Peer 1: 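Following this message is one structure expressed as structure tokens.
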4 protein chains.
Amino acid sequence: MADKKTEILLTAEELFAEKGFDGTSVRDIAQHAGVNLAMISYYFGSKEKLLEALIEYRSGYTFDTLEELNKDQSLNPWDKIDRLVDFYVEKIISNNKFHNIISVHSGQLSSPEIRELITKMKLRNLEQIRKIIQDGQKKKFFRKVDIEFTMGSVMGTISQLTLLKNFYCSLLNIDKTDEEVYRKKVIVRLKTHLKQLLRAHLDIRNEA
Amino acid sequence: MADKKTEILLTAEELFAEKGFDGTSVRDIAQHAGVNLAMISYYFGSKEKLLEALIEYRSGYTFDTLEELNKDQSLNPWDKIDRLVDFYVEKIISNNKFHNIISVHSGQLSSPEIRELITKMKLRNLEQIRKIIQDGQKKKFFRKVDIEFTMGSVMGTISQLTLLKNFYCSLLNIDKTDEEVYRKKVIVRLKTHLKQLLRAHLDIRNEA
Amino acid sequence: MADKKTEILLTAEELFAEKGFDGTSVRDIAQHAGVNLAMISYYFGSKEKLLEALIEYRSGYTFDTLEELNKDQSLNPWDKIDRLVDFYVEKIISNNKFHNIISVHSGQLSSPEIRELITKMKLRNLEQIRKIIQDGQKKKFFRKVDIEFTMGSVMGTISQLTLLKNFYCSLLNIDKTDEEVYRKKVIVRLKTHLKQLLRAHLDIRNEA
Amino acid sequence: MADKKTEILLTAEELFAEKGFDGTSVRDIAQHAGVNLAMISYYFGSKEKLLEALIEYRSGYTFDTLEELNKDQSLNPWDKIDRLVDFYVEKIISNNKFHNIISVHSGQLSSPEIRELITKMKLRNLEQIRKIIQDGQKKKFFRKVDIEFTMGSVMGTISQLTLLKNFYCSLLNIDKTDEEVYRKKVIVRLKTHLKQLLRAHLDIRNEA
DNA sequence: CATGAATGAGGGTTCATTCAT
DNA sequence: AATGAATGAACCCTCATTCAT
């Protein structure tokens with residue numbers, strides 16, 4: 001690993017996800033990353049700034065993808081919903097460590113700076129999704145729904161799977177230790193479920 | 001407050017939800033609860049045992065309610081779904097502090113004992129819900145769906161609202177500080193959304 | 001055990017010997033003795049007073065035995081030495097727990113009251129032994145020796161065996177856990193050694 | 001004092017001897033050594049590891065000296081015994097603090113690691129002494145004796161003097177506070193006594 | 001630029017003791 | 001006479017951070 005800064009970020013992500021922000025000591029991070037303890041303060045200023053750096057490091061990609069999907073004229077609204085589900089499921093499941101950190105720290109815990117950062121990021125992304133759904137409504141594919149809460153359902157469903165991994169392993173009889181099997185089984189089933197859910201929920205023919 | 005043990009539990013719930021388990025010191029709890037520092041170890045044995053006690057303290061009611069709802073012969077499956085949504089939305093939103101703690105600690109962080117406890121509790125509750133949906137399917141009200149993930153969507157949606165309270169306050173233009181207004185606005189909208197979502201998702205007439 | 005006070009004393013002896021005075025908590029004692037925690041303070045005043053009570057409880061017998069041995073006109077000086085060795089070896093080995101406590105607490109640690117108590121007790125006993133040796137010298141059985149240090153050698157030898165029990169188990173290939181075997185093997189060998197040692201040391205015919 | 005690590009060790013030795021291991025707090029040590037409290041954990045890892053470090057710090061010298069004495073061809077067995085006595089009396093009396101710690105912690109108290117460490121050290125040293133005595137027996141200077149217990153008598157005698165310093169001060173009318181006077185008086189008398197004792201005990205002409 | 005040494009603050013826990021009953 | 005509840009003090013240890021080199 002050439003870049004020590006990146007190495008620290010990735011190690012921090014791993015440990016924050018595993019033991020929480022408060023539960024992870026900078027000593028842990030330094031040791032696992034194989035760098036000097038003082039280097040973390042030296043590079044990032046503080047433990048909290050390290051978390052901020054991690055969030056920014058991971059946030060860029062999502063927005064670009066959503067914006068592109070939104071602009072794509074070749075896809076009809078249903079295709080876009082499918083793509084959206086595929087994208088988010090893949091993203092959250094494979095980045096589940098980072099996603100858990102975000103889930104946990106968007107709440108009351110963590111500093112206002114962190115909360116602000118996460119909120120801003122999420123708002124920006126949601127704006128793109130809103131446009132996709134509104135476009136579908138304008139084109140008479142989708143019925144009138146609560147857009148914000150619909151997104152909440154999508155995100156919430158995926159979050160449940162990463163946050164309550166333990167529980168779902170018990171529930172679905174999956175070996176807790178085999179990360180790869182868990183992902184494969186869950187990804188397919190999750191995509192299927194969400195597409196089925198959204199298809200029924202959004203379809204204008206199901207208008208009450 | 002007559003019962004100091006309960007006072008400690010409630011204070012701990014408040015603080016754990018606000019600052020996380022690791023972020024809360026027993027000194028904090030003792031001070032806010034107005035009790036002696038040593039009393040917490042005296043009553044609960046350790047900080048971790050305190051969390052376990054809190055989980056057990058809050059877990060009893062849910063199962064009883066679900067079981068009762070399940071057994072009720074006077075309600076048709078759609079009524080039961082509505083009641084289920086009402087119950088969970090009320091419960092999670094008004095106990096959002098406790099619920100956030102659970103969300104955060106069912107993950108990798110926290111001890112195996114705690115994780116086990118939460119998993120067991122959730123499995124027990126889910127079993128009741130499964131019966132309700134299966135009953136609706138047998139009676140030809142509901143179509144075939146992924147029951148476990150459907151519940152994940154319901155729970156996940158509500159969780160999002162409590163976990164990302166900050167974000168949704170920004171999104172819905174609600175004053176962050178006024179807890180009462182937040183609850184009222186969100187509860188109504190959330191119930192409506194979830195019922196609409198489940199009605200479309202479960203209805204046998206929407207069979208693909 | 002009818003007498004709770006005695007029960008506490010014996011339990012304290014056991015635990016003090018095993019884990020030291022500071023290493024033993026009154027909770028330990030209360031629990032092992034099956035009495036209420038507060039009862040110890042109630043009966044003895046404090047943890048330290050409990051140690052004093054223990055010392056006094058164990059000190060009476062020795063002096064009486066020595067005095068009697070000293071006065072016995074039917075025994076010649078060599079017989080008295082043998083009896084002395086037998087008595088001390090038996091006493092210390094079988095009361096090794098109490099003896100270790102004394103050894104450890106006659107030093108700088110522990111309060112002046114305790115130290116005073118132990119010193120007084122030891123001086124009183126030594127006085128009797130001095131008379132025995134001086135009598136043997138007057139009767140021309142024993143040569144001139146350093147009486148105080150000779151007693152130090154006897155006591156010290158026995159103390160070594162109890163204090164360094166671990167070491168001597170390794171050295172003599174004795175199973176550490178079998179208390180009974182240890183005592184039997186050691187008692188015989190110790191008596192033989194000490195009698196041989198003192199016979200050579202005291203015999204007037206070995207006068208330099 | 002240039003080396004803070006050594007300073008901590010010496011201070012710990014002082015305090016452990018004075019108040020026992022359990023009776024000494026790391027705060028005490030830090031304060032007396034004039035170092036930060038956290039530095040002790042920083043350097044040694046824990047309070048117990050500090051004791052281990054102390055034992056190892058003090059153990060090296062003894063073995064080397066004994067081995068050298070053993071190998072010395074220019075001395076006859078009686079000379080070697082005299083040197084042995086001189087060496088041990090000097091060593092224990094002047095390092096009495098360390099020696100008391102060892103005495104106290106070779107017993108049941110203290111962790112298996114510590115006990116193991118002490119036992120190993122003592123066994124190693126005793127092996128050298130055994131050779132000296134066996135050599136004297138082979139050369140027909142010494143009679144047959146219980147070698148292990150003979151060493152127990154030597155060590156035990158010296159230990160008594162350090163462990164029961166208080167008692168012997170009373171006994172010998174020595175001012176308790178004047179360390180220097182105590183040592184001088186005791187060292188001379190102790191050497192004389194032990195040499196006299198061993199001469200009688202070992203001399204082949206005193207064979208029973 | 002990078003780091004070993006060092007530190008003040010605070011962590012959870014256990015202590016011996018007290019006191020109202 | 002006996003005890004459950006409660007407490008202030010002190011325990012050892014680890015924390016994130018700083019700073020001289």
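Nothing here was measured: the structure is a model prediction, and the numbers come from that model.
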Peer 1: Between F/dG4, F/dC13, F/dA16, which one does the side chain of A/Ser25 approach most closely?
Peer 2: F/dA16
Peer 1: For B/Ile40, which contact category applies under a 4.0 Å heavy-atom criterion: base, sugar-phosphate, or nothing?
Peer 2: nothing
Peer 1: Kindly confirm or rule out a cation-pi arrangement of A/Lys5 over A/Tyr43, judged by NZ or CZ under 6.0 Å from the six-membered ring centre and within 45° of its axis?
Peer 2: yes
Peer 1: Under 4.0 Å, counting only non-hydrogen atoms across every strand here, what does C/Ser41 touch: a base, just sugar-phosphate, or nothing?
Peer 2: base
Peer 1: Which pair of non-hydrogen atoms, one from A/Leu54 and one from A/Phe98, has the smallest distance, and what is that distance?
Peer 2: O-CE1, 3.9 Å
Peer 1: Give the minimum heavy-atom separation between B/Thr24 and B/Leu15, together with the two atoms involved.
Peer 2: OG1-O, 3.1 Å
Peer 1: Which two nucleotides bound the region of DNA chain E that has atoms under 4.0 Å from heavy atoms of chain D, read 5' to 3'?
Peer 2: E/dA5 to E/dG8
Peer 1: Both B/Glu48 and C/Gly45 contact DNA chain E. Taking the nearest nucleotide for each, which residue is further toward the 5' end?
Peer 2: B/Glu48
Peer 1: With a 4.0 Å cut-off on N to O distance, would you call D/Glu113 and D/Lys49 a salt bridge?
Peer 2: no
Peer 1: Tell me whether the count of non-hydrogen atoms from other residues, nucleotides or ligands lying under 6.0 Å of CD in C/Glu48 goes above 12.
Peer 2: yes
Peer 1: For A/Tyr43, report the nucleic acid contact type (base, sugar-phosphate, nothing); a contact means any heavy atom under 4.0 Å.
Peer 2: sugar-phosphate
Peer 1: In terms of the nearest nucleotide of DNA chain E, which residue is placed more toward the 5' end: B/Leu37 or C/Arg27?
Peer 2: B/Leu37
Peer 1: Flag this pair as yes if the NZ/CZ of C/Lys97 is under 6.0 angstrom from the six-membered ring centre of C/Phe16 and inside a 45 degree cone about the axis; otherwise no.
Peer 2: no
Peer 1: Quick one: stems involving DNA chain F, counted as three or more successive Watson-Crick or G-U pairs, both distances short of 3.5 Å.
Peer 2: E:2-21 with F:2-21
Peer 1: Taking all non-hydrogen atoms of both residues into account, name the closest pair between A/Asp22 and B/Lys19 and its distance.
Peer 2: OD2-O, 3.9 Å
